[in-house]
Amino acid sequence: MKKVLITGFEPFGGAAINPALEAVKKLDGVKLDGGEIVICDVPVTRYEAIDAVIAAIETHKPDYVITVGQAGGRFAITPERVAINMDDFRIPDNGGNQPIDEPIYEDGPDAYFSTLPIKAITAALQAKGIPCQVSNTAGTFVCNHLAYGVQHYLRDTNIGHGFIHIPLLPEQAATGDQASMALDVIAEGLRLAAQATLDNKTDIVVGAGKIC
């Protein structure tokens, strides 16, 4: 049975909730056709975020990893195509770090592509009426940092990995003019993403996803 590790960030920036973590908690132990989901929560701090996911990978030995974070302003669930080797934090993370124009790894390539079937994931969610579209930028905050760092760690393995951004929850967007999505819809979207990953698996070439 295949195993899909899905991770979600803790709240940050003074918020009381992060939809990524709340949605991921709903998926703990969920069975898939041909697999199951395991989860972990991730601190919104620079290198500790990568370390937390690496520890979960080493514990669970997953076949695939889906890292998840919130993206205020987006109306759809958005699988990311690429993560770049750049930290440029618009606000401090939960540890007070605010790097400006710093590489994540000095010896790393400029970027890594997702090794998940992002088009198949998008199609699977859209088929169920869940807004979903491929994104070509994961930003330069801790989401991109984690996406790049995990892909760097997995670069010489056959473990598939990619990052997915999700919208805010209605309660987060209630005081502003931002898009939102219900928690149950987000959780179902992530479940469908995990299932689509299993259904559309390909042989991942060791070291794939680099831009040198």
Side-chain angles (χ1 to χ4, degrees), residues 1-9 19-20 23-24 26-40 42 53-54 56-57 60-71 74-84 109-139 143-144 146-167 181 185-212:
M1 179 177 289
K2 300 289 186 180
K3 194 175 291 184
V4 182
L5 171 65
I6 306 184
T7 78
F9 279 113
V24 165
K26 285 181 167 287
L27 298 173
D28 191 17
V30 166
K31 302 300 181 184
L32 302 167
D33 182 9
E36 65 176 345
I37 294 172
V38 294
I39 70 167
C40 84
V42 183
V53 177
I54 289 174
I57 291 169
H60 295 293
K61 303 294 191 292
D63 300 278
Y64 302 96
V65 181
I66 301 175
T67 43
V68 182
Q70 75 171 37
R74 296 193 188 182
F75 69 90
I77 293 175
T78 50
E80 297 293 345
R81 189 191 301 273
V82 64
I84 62 173
D110 291 338
Y112 284 106
F113 285 111
S114 172
T115 51
L116 296 184
I118 58 175
K119 292 291 185 69
I121 289 171
T122 300
L125 271 66
Q126 290 176 347
K128 295 296 184 180
I130 299 176
C132 185
Q133 60 187 32
V134 172
S135 169
N136 292 310
T137 175
C143 288
N144 175 79
L146 181 65
Y148 184 95
V150 172
Q151 200 67 39
H152 187 74
Y153 171 74
L154 295 174
R155 67 193 182 280
D156 294 323
T157 76
N158 290 322
I159 300 173
H161 165 255
F163 194 94
I164 296 179
H165 268 119
I166 59 172
M181 184 176 288
V185 176
I186 294 172
E188 176 62 7
L190 294 177
R191 187 195 69 79
L192 289 169
Q195 187 64 62
T197 297
L198 294 184
D199 293 344
N200 293 273
K201 64 183 183 298
T202 56
D203 292 330
I204 300 169
V205 178
V206 172
K210 292 184 181 180
I211 303 176
C212 297

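FYI, the numbering just counts along the sequence from 1.
Residues Ile39 and Ile37 are in side-chain contact: their nearest non-hydrogen atoms beyond the backbone lie under 4.5 Å apart. Using a 4.5 Å heavy-atom cutoff, the side chains of Ile6 and Val68 are in contact. Looking only at side-chain heavy atoms (C-beta outward), Val82 and Ser114 stay at 4.5 Å or farther from each other. In this structure, Val4 and Pro62 have side chains that are not in contact, with every pair of non-hydrogen atoms separated by 4.5 Å or more. Looking at Ile164 and Thr67, their side chains never come closer than 4.5 Å, going by heavy atoms from C-beta outward. Residues Leu32 and Met1 form no side-chain contact, since every pair of their non-hydrogen atoms from C-beta on lies 4.5 Å or further apart. Contact check for Ile57 versus Leu5: side-chain heavy atoms found under the 4.5 Å cut-off. Put simply, the side chain of Ile159 does not reach to within 4.5 Å of the side chain of Asp63, judged on heavy atoms.
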Table please: side-chain donor-acceptor pairs of residues 120-133 below 3.5 Å, with sequence neighbours left out.
{"from": "Thr122", "atom 1": "OG1", "to": "Ile118", "atom 2": "O", "distance (Å)": "2.8"}
{"from": "Gln126", "atom 1": "NE2", "to": "Cys132", "atom 2": "O", "distance (Å)": "2.6"}

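Contact record, Phe75 with Met181: O-CE, 3.6 Å, taken as the closest heavy-atom pair. The two residues Cys143 and Gly69 have their closest heavy-atom pair at SG-CA, 3.9 Å. Nearest approach of Ala187 to Leu27, heavy atoms of both residues: O-CD2, 3.6 Å. Minimum heavy-atom separation, Ala111 to Tyr148: CA-CE1, 4.0 Å. For the pair Ala196 and Pro117, the tightest heavy-atom approach, listed with the atom from each and the gap, is O-CG, 4.1 Å. Shortest non-hydrogen contact noted between Glu80 and Ala138 is OE1-N, 3.4 Å.
With hydrogens and angles ignored, the 3.5 Å screen pairs a side-chain donor or acceptor of Arg155 with a backbone N or O of His152. Within the 3.5 Å criterion, the main-chain N or O of Leu198 finds no donor-acceptor partner in the side chain of Lys2. Within the 3.5 Å criterion, the main-chain N or O of Ile84 finds a donor-acceptor partner in the side chain of Asn144.
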Note to self: I'd like to know whether Val150 forms a side chain to side chain contact (heavy atoms under 4.5 Å, CB included) with Leu154, so could you lay out the CA-CA distance, the side-chain angles of the two residues, the decisive distance to 0.1 Å, and finally the verdict.
What the structure shows: CA-CA 6 Å; Val150 172; Leu154 295 174; 3.8 Å; yes
Margin query: Go through it in stages, so that I can follow the logic: the residues are Val134 and Thr78, the test is side chain to side chain contact (heavy atoms under 4.5 Å, CB included), and I'd like the CA-CA distance, side-chain angles, deciding distance and then a yes or no.
Written below: CA-CA 5 Å; Val134 172; Thr78 50; over 6 Å; no
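In the model, Ser135 has a side-chain atom that pairs as donor or acceptor with a side-chain atom of Arg74 under 3.5 Å. Between the side chains of Tyr64 and His161, no donor-acceptor pair of N or O atoms lies under 3.5 Å.
Between the NZ atom in Lys61 and the NZ atom in Lys3 there is a gap of 9.0 Å [rounded to 0.5 Å]. Separation of atoms NZ (Lys26) and CD1 (Ile186) is listed at 11.0 Å; rounding is to 0.5 Å.
Taking the ring-ring contact (aromatic ring centres under 6.0 Å, His included) definition, one finds that Phe163 meets it with His165, sequence neighbours left out.
By the neighbour-count criterion of 12 heavy atoms within 6.0 Å, atom CG of Asp33 is sparsely surrounded, having that number or fewer from other residues, nucleotides or ligands.
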